[in-house]
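A short worksheet on the structure shown next.
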Amino acid sequence: MLIPSNGTIMPCDAVLLSGTCIVNESMLTGESVPVTKINLPNPSEYPKAMGDEIYSPEVHKRHTLFCGTNVIQTRFYTGELVKALVVRTGFSTAKGQLVRSILYPKPTDFKLYRDAYLFLLSLVVVAGIGFLYTVVNSILNEVPAHTIIIESLDIITITVPPALPAAMTAGIVYAQRRLKKIGIFCISPQRINICGQLNLVCFDKTGTLTEDGLDLWGIQRVENARFLLPEERACSENLLKSEFVACMATCHSLTKIEGVLSGDPLDLKMFEAIGWILEEPTEEETALHNRIMPTVVRPSKQLFPESKQATNQEMELFELSTSYEIGIVRQFPFSSVLQRMCVIARVLGEKRMDAYMKGAPEVIASLCKQETVPVDFECVLEEYTKQGFRVIALAHRKLESKLTWHKVQTINRDAIESNMDFMGLIIMQNKLKQETPAVLEDLHKANIRTVMVTGDNMLTAISVARDCGMILPQDKVIIAEALPPKDGQAARINWHYADTLAKCTSSSPAINSEDIPVKLVHESLEDLQMTKYHFAMNGKSFAVILEHFQDLVPKLVLHGTVFARMAPDQKTQLVEALQNVDYYVGMCGDGANDCGALKRAHGGISLSELEASVASPFTSRTPSISCVPKLIREGRAALITSFCVFKFMALYSIIQYISQCQHNSEM
């Protein structure tokens, strides 16, 4: 199929064969940031790059246009039109699977409904006894046959109230109307009753507890493997041609859509902080030339220190010296699995190319030459993350001169991302939403447990949990670090307090206890009142514990408060683990990577109105967690209504049944 240049809504899943597309995938992922899709490399042109790889839509997401997503803009090269090959249609597509899960959701097991069925069964038994009693009694009293049939069947319809389901639904319908008035929409009304029983709520961090955007707090550069003092601005004159600023200018996935820069909010903030200009090749240029036309970034004229009174000749020289621009030759996009992104760029007029990389500090440091990473790297990083800052590390490497344009297009990512020079840190600030602490306090007063599940750094998450009152100042946080089996050693768990991480002190503050969770659970209640313990762990540890320490899972989830660096499927596993220890779990997220967990929880509330939120039973119009107490309140009201209706209908039936039996016996 040909993709039109002015964009389209994809009717199926297709793999891109030529050209590039900018696509808005918010319908599937909930991420409103457009992503760039590139064509699948042709194995005949690049035999080494591909090997014997077999295409799969999940693995080659970068080359796949998914059904229902919006193609905003396309580009083609050397006159070749933008073509894609259809790979899946209908319910086999990613959108089809989402629609199927909405049409046929996993049934929720709710005690009220289970007990209701049991009660109705017992009423059927009672009706059966009444039926036999009436028949026998009528035969003994020689009542005509047709009267016996009518009266005995009448007993059954009286005892089992046919109006019960309708009466129960009426209460839920009114609750749904009230929810609509306060801006909460519901696609599964049965869940409103379940929300009345929620006793634990999981929250996503970014965009849910904290503001969506990040502000640049400052930068901290590294020179000669030593940290310099933190600097507030990255656009100072002396840094203009530094590799640090070059990395900030090139290492991103920003693109221009109708003349406006768009992309990841973090990348946007970083690029705006240096005040550079991004220029993409025009459609005419790309249509004529090959894809060698790169995206170019350069400083704006205002950044250069201009001479006060310059003659025309001096101005010309000045303009020549300021024609400093960098072309982005190849981009390896950000991958949440690898936790980093990388670009290959070239400064105008330079022979050799540069590789720039940015990502999670721990990952970047492990890919750098150890002699370029400062000795106190872990302490400095910990200091920032403890204060709740989001930290990103930058690295750089000069590439060999033998790497030509064409070789760069086919080179493997791993060959570039090694032996880098560590350049420093970018520190971003993520502010708490105004209403967050008050809502969490309300939930605590109602004895509803709160848990944070996030894809962010562990210490940042703990810091936010303390700031918003999820973990009180006097409470202790124990980090469970689980290590998988390695070199013949069995899997093990290290425990240490979050305030004293082993990395920064010479003496190890590990807790010398064979099995902390057991000890905690059996501690006397007086001790627990004084200091409360919270467990924190990351996604890797959670996976190891699920696999090797099954017996510890219930104990850890009973006291676990912070789960960091969690992948989307791990969020779903956590919700299931909490449900297994008899919690009624609510989940509140912004719908991006929480789809599975929102669907799995007893009450999932999505704070985004993007289409991914169709997976969750509830969607809030206001993007704040203040909707959680409101929903629980309405759920409790609906639950009480259901109980009262149930009692009324049951008593009404039993009274009528007894009076009917009495009437029959007197005949």
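All heavy atoms count here, side chains included; hydrogens, waters and symmetry mates do not. Keep in mind that this is a model prediction, so the values were computed, not measured.
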Review point. Hey, does Ile605 have a side-chain heavy atom less than 4.5 Å from the side chain of Cys627?
Key: yes

Check your understanding: Looking at side-chain heavy atoms only, is the closest gap between Asp204 and Leu607 below 4.5 Å?
Key -> no

Exercise for review: Indicate the atoms forming the closest heavy-atom contact of Ala601 with Gly586, along with that distance.
Suggested key: CB-C, 4.3 Å

Review point. Do Arg397 and Ser418 have side chains that get closer than 4.5 Å, going by heavy atoms?
Key: yes

Point to revise | Nearest-0.5 Å distance, CZ of residue Arg340 to CD of residue Glu417 | key: 4.0 Å

**Study point:** Student check: side-chain heavy atoms of Val477 and Val562 closer than 4.5 Å
**Key:** no

Check your understanding: Taking all non-hydrogen atoms of both residues, which atom of Trp495 and which atom of Ala480 are closest, and how far apart?
Key -> CZ3-CB, 3.5 Å

Exercise for review: Nearest 0.5 Å please: distance from the CE atom of Met353 over to the CD1 atom of Ile416.
Suggested key: 9.5 Å

Revision key, fill the gap. Correct closest heavy-atom pair for Phe271 and Ala249 would be CE1-O, 3.3 Å

Point to revise | side-chain contact (heavy atoms from CB on, under 4.5 Å) assessment of Leu394 paired with Cys251 | key: CA-CA 9 Å; Leu394 305 183; Cys251 200; 5.9 Å; no

Review point. Have Ser624 and Thr622 got a donor and an acceptor in their side chains that come within less than 3.5 Å?
Key: no

Exercise for review: Please assess His559 against Tyr533 for the test ring pair (Phe, Tyr, Trp, His ring centres under 6.0 Å), listing each intermediate value before the final yes or no.
Suggested key: CA-CA 7 Å; His559 288 275; Tyr533 287 89; 8.3 Å; no

Revision key, fill the gap. One should read off an interatomic distance between Phe563 CZ and Gln570 CD, to the nearest 0.5 angstrom, of 11.0 Å

Point to revise | Closest approach of Gln429 to Phe389 (non-hydrogen atoms, all atoms of both residues) | key: CG-CE2, 3.7 Å

Review point. Are the side chains of Ile426 and Lys358 in touch, meaning some heavy atoms are under 4.5 Å apart?
Key: no

Point to revise | Spacing of Leu556 atom CG and Leu574 atom CG [to the nearest 0.5 Å] | key: 11.0 Å

**Study point:** For the student: nearest non-hydrogen atoms of Met458 and Asn538, plus distance
**Key:** CE-N, 3.5 Å

Check your understanding: Taking Cys202 as the fixed residue, which of Leu598, Val453, Thr450 is the one that meets the side-chain contact (heavy atoms from CB on, under 4.5 Å) rule?
Key -> Val453

Check your understanding: Is the number of heavy atoms from other residues, nucleotides or ligands within 6.0 Å of CD (Gln434) greater than 12?
Key -> no

Review point. Hey, are the side chains of Val544 and Leu483 touching, using non-hydrogen atoms and a 4.5 Å cut-off?
Key: no

Point to revise | Check: Phe66 and Lys37 side chains under 4.5 Å, non-hydrogen atoms | key: yes

Practice item. Please answer whether the main-chain N or O of Lys205 pairs with a side-chain N or O of Thr210 as donor and acceptor at a distance below 3.5 Å. Key: yes

**Study point:** Asp421 CG to Lys369 NZ distance, which is reported to the nearest 0.5 Å
**Key:** 4.0 Å

Review point. Can you name the closest pair of heavy atoms from Glu243 and Tyr356 and give their distance?
Key: O-CE2, 3.7 Å

Review point. Could you go step by step and tell me if His534 and Arg466 meet the side-chain contact (heavy atoms from CB on, under 4.5 Å) rule?
Key: CA-CA 11 Å; His534 300 265; Arg466 283 200 186 278; over 6 Å; no

Review point. When you look at Tyr583 and Leu558, which way does the side-chain contact (heavy atoms from CB on, under 4.5 Å) test go after all the steps?
Key: CA-CA 9 Å; Tyr583 271 115; Leu558 277 171; 3.8 Å; yes

Exercise for review: Indicate yes or no for a side-chain donor-acceptor contact from Thr372 to the backbone of Phe422 under 3.5 Å, with no hydrogens or angles considered.
Suggested key: yes

**Study point:** Whether Ser541 side chain and Glu481 backbone form a donor-acceptor pair below 3.5 Å
**Key:** no

Check your understanding: Can you check whether Ile38's main-chain N or O pairs, donor with acceptor, with Arg62's side chain at less than 3.5 Å?
Key -> no

Practice item. To the nearest 0.5 Å, tell me how far Glu231 CD sits from Gln220 CD. Key: 8.5 Å

Review point. Can you find a pair of side-chain heavy atoms, one from Thr454 and one from Leu209, that are under 4.5 Å apart?
Key: no

